[in-house]
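Please read these numbers as outputs of a predicted model, since none were measured by experiment. Any value given below was found using the heavy atoms of this structure, including those in side chains, with hydrogens, waters and symmetry copies removed. So that the names make sense, note that chain A is the first sequence line, chain B the second, and so on, each numbered from 1.
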Amino acid sequence: MENKYQGLEPLLRVDNLSINFGGLKAVDNVSLKVYPGEIVGLIGPNGAGKTTVFNLLTGVYEPSEGSITIDGKEMPKKIKPHEVVKLGLARTFQNIRLFKQLTVLENVMVAFNQEMKTNIFQSALRTRKFYKEEEYYKNKALEILSIFDLAIYASEQAQNLPYGKQRKLEIARAMATNPKVLLLDEPAAGMNPTETHELMEMIEYIRKNYKIAILLIEHDMSLVMNICEYITVLEYGAPIAAGSPEEIANNQRVIQAYLGSED
Amino acid sequence: MTFKKLLMKKYSRRVVNLISCILLISMVTLITPNISKAFTTIMITICINVLVAVSLNISAGSMGEVVLGQAGFMAIGAYSSGLFCKYVPMNNMFLEYLICIVVAAVIAGLVGFVVGIPCLRLRGDYLAIVTLGFGEAIRCLIENLDKITGGPSGLTSLPRLLNSSNRALGGYGAVLIAITTTVVCVGCIYSFMTSRYGRAILSIREDAIAAEAAGIPVTRYKVMAFTISAMFAGIGGAMFAHTIGSIYPSNFNLSKSIDYLVMVVFGGLGSYTGSILSATILSYLTIRLTNLAAWRLVIYSLALILVMIFHPKGLFGIKEFSMTNAILIVPGKIKLLFTKAQDAKNNKKETIIETEEVEETENNKMEAEDEEAKEAEALEEDNMNNGGKSDGK
Ligand SMILES: Nc1ncnc2c1ncn2[C@@H]1O[C@H](COP(=O)(O)OP(=O)(O)O)[C@@H](O)[C@H]1O
Ligand SMILES: [Mg+2]
């Protein structure tokens with residue numbers, strides 16, 4: 001593991017991240033490193049604080065302690081979620097959040113907004129530049145959609161897509177922000193085995209072709225064990241184990257945490 | 001098939017729109033050979049209401065926040081225009097009108113910006129109430145600043161360019177100027193709302209958290225939408241001042257704000273062609289039924305209730321009417337009726353998408369036909385706008 005990324009700078013580096021909600025330590029001293037082209041799994045029982053880690057990374061909450069470094073640059077403590085996107089962090093949500101009444105194409109086009117250049121006047125007066133830019137990004141959006149086999153649904157409303165495809169569209173939208181680090185919050189939740197398999201291949205494709213760092217929260221153990229090279233396990237906000245999938249699968253503490261939480 | 005393909009081309013849409021535009025104008029001219037005073041009033045009122053309704057559709061429809069103070073922005077536009085005319089008298093009425101429009105837009109936009117920054121932190125009912133308060137506050141302010149605004153007795157004997165009695169252009173010219181102003185403004189609004197900015201504003205309505213995660217600075221775009229909405233309502237106000245020639249605070253009360261909200265809801269929150277059509281219908285009815293003035297609110301409420309029952313999303317929902325789509329889809333619908341089963345099986349997906357559109361557009365078309373003569377300029381704008389709405393399908 002370590003050898004493979006020896007000498008490389010991690011794209012995402014989290015050091016001693018913590019946050020308190022009232023008396024509750026929802027995230028307690030979590031540290032992570034994700035290298036370019038690596039997929040790291042973040043697992044743990046329900047309520048362990050995994051989603052909260054994502055919310056800390058994306059500026060939804062301000063961490064009470066710890067630091068986040070993206071591609072060598074430390075993230076300011078107070079930062080808005082839309083500014084985090086500019087630094088190269090993109091995420092999906094545990095409960096799908098799409099622009100339901102917009103088309104599939106528009107859902108992706110929205111994510112290009114931050115790199116588009118036409119100003120208000122050019123837009124309102126429809127100058128040549130406006131048309132050129134729209135055309136360019138439309139094609140770019142279709143390219144991204146075709147990675148996820150969604151290009152044929154481009155003019156369909158997002159809410160009309162089946163569940164599995166909605167999840168994929170969310171990833172497509174995140175990819176459209178041209179991220180360095182991709183955060184996926186339970187992307188396989190609610191998918192059937194075929195869809196999960198497809199998803200796995202797509203994540204693999206992104207990893208290979210875009211050389212970005214992927215941090216993955218997932219409950220589907222077969223998925224996690226299959227595609228993650230490194231796994232961190234949280235319980236009650238604190239990391240209880242970290243290592244390769246084999247190490248985690250055989251870790252007594254992890255097995256206990258999972259068995260203990262099941263009802 | 002080839003005809004269909006030809007129609008789908010970017011520029012053929014513009015041709016279609018131009019032709020239907022010319023047809024409508026000639027139809028209106030045929031129906032009303034002599035420009036009567038009443039006709040002028042109706043047309044100009046429709047133009048103003050269409051513009052203000054469309055401007056409200058930016059914040060209430062596309063941004064998805066109930067705004068109950070649109071008449072307040074109109075008042076600011078009307079009074080800045082009126083005061084400008086009063087203190088900077090000019091000989092050229094047309095130039096004066098143009099400057100007034102710019103002044104009204106700038107001042108109303110500024111107020112919208114300043115009011116928007118704190119207000120847009122609120123959402124839903126809270127924002128509705130704050131904007132309601134804003135509208136009323138503006139009215140009270142105008143009433144009480146009587147040294148400047150003339151108070152309850154209003155600003156009177158202002159130049160009336162948009163009136164059949166104007167010496168410079170006559171009724172026909174007045175109507176033309178009003179239509180041109182509205183068409184240009186609505187065209188700009190529509191282009192803006194179909195650009196990256198419009199898409200961002202729509203995405204905020206759909207899911208603000210996801211929009212932020214996709215890199216949209218939510219607050220900035222909300223303030224932008226609100227400001228632009230206020231700007232064009234201000235232009236509507238300036239047009240109003242140039243129509244009546246005297247403005248009073250009571251012209252811009254709460255019930256006026258609600259009228260516009262009704263128009264937008266009636267047309268379909270978020271549909272610009274819907275706002276245009278419903279503003280046209282409702283303004284026409286209001287003027288025609290002046291002797292039933294007491295019943296106006298009843299009629300509005302009834303119209304609203306009926307729409308809510310039979311078509312809860314308003315006439316057009318969030319969709320837009322497009323002539324080319326109508327031509328493309330209506331024959332398909334008729335064909336579909338004849339060759340039901342076979343085709344449906346072969347290309348299932350395609351027909352599913354198509355029938356949905358057919359229903360929507362068909363509805364729209366029927367309504368459009370009923371109101372054809374009256375909504376001349378409404379469709380004109382529609383057509384102009386759709387010139388750019390070429391890619392999509
Ligand atoms: N905004 C918040 N305020 C208070 N408690 C919160 C907040 N967000 C999350 N929590 C708590 O933090 C814990 C971790 O939640 P979460 O990160 O969603 O877990 P999961 O690992 O299932 O994604 C839970 O106990 C949850 O109730
Ligand atoms: Mg979670």
Side-chain angles (χ1 to χ4, degrees), chain A residues 54 58-60 80-86 89-93 96-103 105-126 130-131 133-135 137-138 152-160 170 173-174 176-179 183, chain B residues 10 62 64 184-221 224-225 227-228 231-232 269-271 313 317-319 349-350 352-354 356-357 384-385 387-393:
Chain A
F54 275 20
T58 53
V60 177
K80 297 211 176 105
H82 70 86
E83 293 163 340
V84 172
V85 178
K86 281 222 171 77
L89 263 172
R91 74 175 291 185
T92 65
F93 294 89
I96 304 177
R97 284 181 176 276
L98 288 173
F99 310 127
K100 288 189 187 143
Q101 298 192 71
L102 303 191
T103 64
L105 183 75
E106 284 167 335
N107 265 273
V108 177
M109 295 277 280
V110 167
F112 287 133
N113 184 68
Q114 39 124 19
E115 59 177 276
M116 286 172 94
K117 296 246 156 50
T118 46
N119 60 33
I120 296 186
F121 301 103
Q122 287 163 334
S123 302
L125 302 174
R126 302 212 167 203
F130 165 83
Y131 282 113
E133 196 182 61
E134 281 289 301
E135 191 67 25
Y137 281 103
K138 190 184 152 192
I152 48 165
Y153 303 102
S155 53
E156 192 91 52
Q157 272 188 0
Q159 61 186 359
N160 295 340
E170 239 201 328
R173 185 180 65 194
T177 63
N178 195 16
L183 311 174
Chain B
K10 212 174 196 169
S62 300
V184 169
C185 290
V186 172
C188 284
I189 293 176
Y190 189 84
S191 312
F192 174 75
M193 289 312 296
T194 45
S195 72
R196 70 187 184 97
Y197 296 97
R199 248 194 324 263
I201 291 163
L202 289 175
S203 78
I204 295 170
R205 176 191 72 193
E206 294 296 311
D207 191 325
I209 292 174
E212 281 216 300
I216 307 292
V218 169
T219 317
R220 192 188 312 162
Y221 276 54
M224 185 194 288
T227 306
I228 289 175
M231 244 174 72
F232 284 101
L269 281 165
S271 168
K313 288 183 167 173
I318 56 164
K319 305 212 166 147
K349 217 200 130 269
E350 222 177 277
I352 289 170
I353 300 171
E354 225 170 40
E356 262 174 25
E357 269 170 27
M384 207 192 93
N385 298 337
K389 206 196 166 201
S390 44
D391 338 79
K393 285 139 206 172

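- Heavy-atom distances place no part of Gln159(A) under 4.5 Å from chain B, backbone and side chain included.
- Interface remark: of the candidates Ala176(A), Pro81(A), Ala90(A), Pro81(A) forms the most heavy-atom pairs closer than 4.5 Å to chain B.
- Contacts of Asn119(A) with chain B are made by both backbone and side-chain atoms, with heavy-atom separations under 4.5 Å.
- Met231(B) CE to Cys185(B) SG: the interatomic distance, rounded to the nearest 0.5 Å, is 8.0 Å.
- Of the atoms belonging to Met224(B), it is side-chain heavy atoms, and not backbone ones, that fall under 4.5 Å from chain A.
- By the salt bridge (charged side-chain N to carboxylate O under 4.0 Å, His left out) test, Arg97(A) pairs with Asp207(B), sequence neighbours left out.
- Heavy atoms closer than 4.5 Å to chain B are found nowhere in Thr92(A), neither backbone nor side chain.
- A donor-acceptor pair is defined here as one N or O able to donate and one able to accept, closer than 3.5 Å; such a pair exists between the side chain of Glu170(A) and the backbone of Phe93(A).
- The contact between Lys100(A) and chain B is made by backbone and side chain atoms together, counting heavy-atom distances below 4.5 Å.
- Only the backbone of Leu98(A) has a heavy atom closer than 4.5 Å to any heavy atom of chain B.
- Interatomic distance, CD of Gln101(A) versus CD of Glu106(A), reported as 11.0 Å (0.5 Å rounding).
- Heavy-atom pairs under 4.5 Å with chain B peak, among Met109(A), Arg173(A), Lys80(A), Lys86(A), at Met109(A).
- Arg126(A) is listed as a side-chain neighbour of Thr194(B), based on a closest heavy-atom distance under 4.5 Å.
- Counting heavy-atom pairs closer than 4.5 Å to chain A, the top residue among Ile209(B), Val218(B), Ile189(B), Leu202(B) is Ile209(B).
- Counting only heavy atoms from C-beta outward, the side chains of Val60(A) and Arg91(A) approach each other to under 4.5 Å.
- Of the listed residues Gly215(B), Gly270(B), Ser203(B), the one with more heavy-atom pairs under 4.5 angstrom with chain A than any other is Ser203(B).
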Would you list the atom pairs, donor with acceptor, under 3.5 Å between side chains in residues 110-117 of chain A and any protein atom, with sequence neighbours excluded?
| unit_1 | atom_1 | unit_2 | atom_2 | d |
| --- | --- | --- | --- | --- |
| Asn113(A) | OD1 | Arg196(B) | NH1 | 3.1 |
| Asn113(A) | ND2 | Tyr221(B) | OH | 3.0 |
| Gln114(A) | NE2 | Thr177(A) | O | 3.3 |
| Glu115(A) | OE1 | Tyr137(A) | OH | 3.1 |
| Glu115(A) | OE1 | Lys140(A) | NZ | 3.4 |

